[in-house]
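Have a look at the structure below before the remarks.
These numbers come from the heavy atoms of this one structure, side chains and all, not from hydrogens, waters or symmetry mates. Everything numeric in this text was worked out from a predicted model, so none of it was measured. Throughout, protein chains are lettered first and strands after them, A, B, ... in sequence-line order, and every chain is numbered starting at 1.
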Protein chains: 2
Amino acid sequence: MSYNKGEMFSKTCKYAINAMIYVPGSSSEKERTNLKEISKAIVSPEAFTAKILQVLVKNKLLISVKGPHGGFSMNGDPSKIFLSWIVDAIDGDMLFTGCALGLKKCAEEHPCAVHYKFKAIREHLTGMLHSTSLTDMADRVNNGISFLKH
Amino acid sequence: MSYNKGEMFSKTCKYAINAMIYVPGSSSEKERTNLKEISKAIVSPEAFTAKILQVLVKNKLLISVKGPHGGFSMNGDPSKIFLSWIVDAIDGDMLFTGCALGLKKCAEEHPCAVHYKFKAIREHLTGMLHSTSLTDMADRVNNGISFLKH
DNA sequence: ATAATTAAGGATATTTTTGTCCTTAATTAA
DNA sequence: TTAATTAAGGACAAAAATATCCTTAATTAT
Ligand code: FES
Ligand code: FES
């Protein structure tokens with residue numbers, strides 16, 4: 001038996017976050033990247049990354065354009081796009097609203113054994129996800145402070 | 001597409017935690033419960049729960065005895081058994097040491113784009129897991145404050 | 001000793017997540 | 001208008017997590 005979960009974000013979601021960080025910080029025609037560049041930059045399987053980008057486009061986090069020089073660009077100001085939006089688009093809201101111990105609903109009136117202790121952590125986490133913008137993250141990478149791969 | 005992870009603990013781990021809470025708080029011969037009672041109490045599939053209990057026994061969190069009136073009991077003082085031990089036994093240490101965005105290693109010298117923000121949350125979380133004992137949790141359930149199922 | 005009870009553990013099955021392949025649609029350039 | 005390029009999307013495949021079944025081993029009571 002080799003259980004190895006407990007990972008906060010799904011692998012799919014991790015790819016999605018790194019992909020979003022890599023997409024240039026503008027929705028102008030000029031600043032656009034494509035699937036090949038993205039999957040290379042974040043070291044992810046190309047075909048799988050394509051599926052993830054589709055979801056991000058459907059969720060209006062990215063804009064896609066087909067054809068030569070097509071590709072992906074941000075939909076809106078990246079300083080106003082938050083990490084929580086990506087997590088929600090890919091992993092759904094379980095991280096924000098689910099019970100840590102698997103009860104059907106997380107509720108004050110019927111709390112699990114770690115509800116109160118967990119609640120504080122969840123608030124800390126969701127606060128961070130709601131307040132961290134794409135520019136926050138992309139700047140670190142562009143300045144060579146943080147990294148997208150390895 | 002329906003991605004629905006981002007759950008902090010694996011389902012297996014959630015079962016394990018609730019099972020540990022249900023096992024009576026003593027390693028004496030008298031206070032012992034068995035697979036059937038546990039899986040009923042926490043609403044989990046019996047055969048699968050058996051596998052999980054095996055892992056907990058191998059990790060010395062539980063003691064098992066075969067035969068009539070056999071079953072499972074705590075290995076040691078439950079006020080000195082911590083939530084983090086269960087998580088580590090079942091899900092491994094990725095939650096404690098892994099990179100939030102999937103880099104091979106979480107390291108200050110090569111941080112991902114959310115490393116510093118994530119680090120604080122991880123410390124908060126691991127602090128909680130290391131300081132929450134089985135009695136902390138079991139007391140709440142025994143006092144009717146918290147619940148193991150639904 | 002024998003039968004009954006309970007956990008251990010191997011084998012297998014199902015479901016979910018992750019990943020690939022290939023065809024179609026849209027756009028651009030020549 | 002034709003060819004080239006790029007994303008969309010359906011179908012399929014592989015891997016991992018979750019779950020079941022059945023046989024064996026250990027213990028207890030009769
Ligand atoms: S009920 Fe479990 S975290 Fe709220
Ligand atoms: S490097 Fe990603 S969390 Fe530390």
Q | Side chain of B:Lys51 (C-beta onward), nearest among C:dG10, D:dC21, C:dA8 | A | C:dG10
Q | Heavy-atom closest contact (A:Ile90 atom, A:Thr12 atom, distance) | A | CG2-CG2, 3.7 Å
Q: Would you indicate which nucleotide in D:dT6, D:dA29, C:dA8 comes nearest to any side-chain atom of B:Lys66?
A: C:dA8
Q: State plainly whether the residues B:Glu46 and B:Lys40 are in salt-bridge range, i.e. N to O under 4.0 Å.
A: no
(Q) Just N and O in the side chain of A:Lys11: are any of them under 4.0 Å from OP1 or OP2 of D:dA15? (A) no
**Q.** Any strand: nucleotide that pairs with C:dT14 via Watson-Crick or wobble, under 3.5 Å
**A.** D:dA17
Q) Does OP1 or OP2 of D:dA8 have a side-chain N or O of A:Ser64 closer than 4.0 Å? A) yes
**Q.** A:Gln54, nearest nucleotide to its side chain (from D:dG9, D:dT20, C:dT5)
**A.** D:dG9
Q) Considering only side-chain heavy atoms of A:Pro45, which listed nucleotide, D:dT6, C:dG19, C:dT6, is closest? A) C:dG19
Q) What integer distance in Å separates B:Leu35:CG from D:dT20:C1'? A) 13 Å
Q: Answer yes or no: does a side-chain N or O of B:Tyr15 lie under 4.0 Å from OP1 or OP2 of D:dT18?
A: no
Q.
Suppose we call two aromatic rings close when their centres sit under 6.0 Å apart. Are A:Phe147 and B:His110 close by that rule?
A. yes
Q) Whole-Å distance between D:dA8 P and A:Ile38 CD1? A) 10 Å
Q: Let me know the distance between CZ of A:Arg32 and P of D:dT5, rounded to the nearest Å.
A: 17 Å
Q: Report the nucleotide, chosen from C:dT28, C:dG19, C:dC21, that has the shortest atom-to-atom distance to any side-chain atom of A:Ala47.
A: C:dC21
Q: Look at all strands and tell whether B:Lys58 reaches a base, only sugar-phosphate, or nothing, counting heavy atoms closer than 4.0 Å.
A: sugar-phosphate
Q.
Testing the basics here: between B:Ser133 and B:Ser79, what is the closest heavy-atom pair and its distance to 0.1 Å?
A. CB-O, 3.5 Å
